[in-house]
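A quick note: this is a predicted structure, and the numbers were derived from the prediction, not measured.
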Amino acid sequence: MSDYGRIGDYIGPVAAKKLSAVDIDANSSNQHEFGGNDALRRLLGTGEDRRASQGHGIPTALMYLSDDDAPAVADLETTWYDARRNNPNRSAEWRLYYKDCEPIRMARPGDLMCFGMLRDKGVRGLLPILLDGRGPHAR
């Protein structure tokens with residue numbers, strides 16, 4: 001038996017989303033953000049914006065995992081915000097903003113994005129993007 005414990009000792013609840021072209025494809029959108037689905041809203045909340053530009057971003061370890069290559073990893077601050085906060089006539093539209101980095105450039109529509117909070121020194125997000133059915137693991 002290993003002394004490492006259970007995965008739940010290291011990672012809290014996780015939200016998942018299958019990536020679409022507007023989430024990840026620079027030819028479809030250059031906004032650098034994932035649309036916030038129900039799972040992300042439950043995980044990150046819908047009270048206050050968490051903007052990196054205002055010192056309240058989410059420290060995030062972002063990685064791209066595939067069967068064929070070593071993981072691409074980047075540490076960055078993500079921003080969780082309501083894009084319609086200043087428009088009282090429209091319902092909230094939550095988004096997770098990211099900066100361009102190698103894991104993002106490797107991702108494609110159809111890949112699975114997971115976002116969880118690590119249970120380490122303070123609050124830190126873990127955002128792996130998993131290759132869809134393109135690799136040998138899909139067989």
Query raised in the report: Going through the checks in order, is the side chain to side chain contact (heavy atoms under 4.5 Å, CB included) test met by Met113 and Tyr64?
Result: CA-CA 9 Å; Met113 182 269 295; Tyr64 188 82; over 6 Å; no
Requested in this report: Enter the distance from His32:NE2 to Cys101:SG here, rounded to the nearest 0.5 Å.
Outcome: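 His32 NE2 to Cys101 SG: 9.0 Å, rounded to 0.5 Å.
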Query raised in the report: How far does CG of Asp38 sit from CH2 of Trp94, to the nearest 0.5 angstrom?
Result: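 One gets 14.0 Å once the value is rounded to the nearest 0.5 Å.
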Of all heavy-atom pairs between [X] and [Y], which one has the smallest distance, and what is that distance?
X      : Y      : result
Arg51  : Asp82  : NH2-O, 4.5 Å
Glu102 : Ala72  : CG-CB, 3.9 Å
Ala16  : Asn37  : O-ND2, 3.1 Å
Ile104 : Lys99  : CG1-O, 4.2 Å
Ile11  : Gly116 : CG2-CA, 4.4 Å
Glu77  : Pro59  : OE2-CG, 3.8 Å

Do [X] and [Y] land in one hydrophobic cluster if side-chain heavy atoms of ILVMFWY residues count as linked below 4.5 Å?
X      : Y     : result
Leu40  : Val22 : no
Leu43  : Tyr97 : no
Phe115 : Leu76 : yes

Less than 4.5 Å apart, any side-chain heavy atom of [X] and any of [Y]?
X     : Y      : value
Lys17 : Asp23  : yes
Ile58 : Met117 : yes
Ile24 : Pro109 : yes
Leu44 : Leu96  : yes
Asp49 : His56  : no

**Report entry** Partner residues of Glu33 under the side-chain hydrogen bond (donor to acceptor under 3.5 Å, both in side chains) criterion, sequence neighbours left out
**Finding:**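 Partners of Glu33 by the side-chain hydrogen bond (donor to acceptor under 3.5 Å, both in side chains) criterion, ordered by chain and then number, come out as Tyr81, Arg95.
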Query raised in the report: Going by the angle between their ring planes, with limits at 30° and 60°, are Tyr98 and Phe34 parallel, tilted or perpendicular?
Result: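 Tilted.
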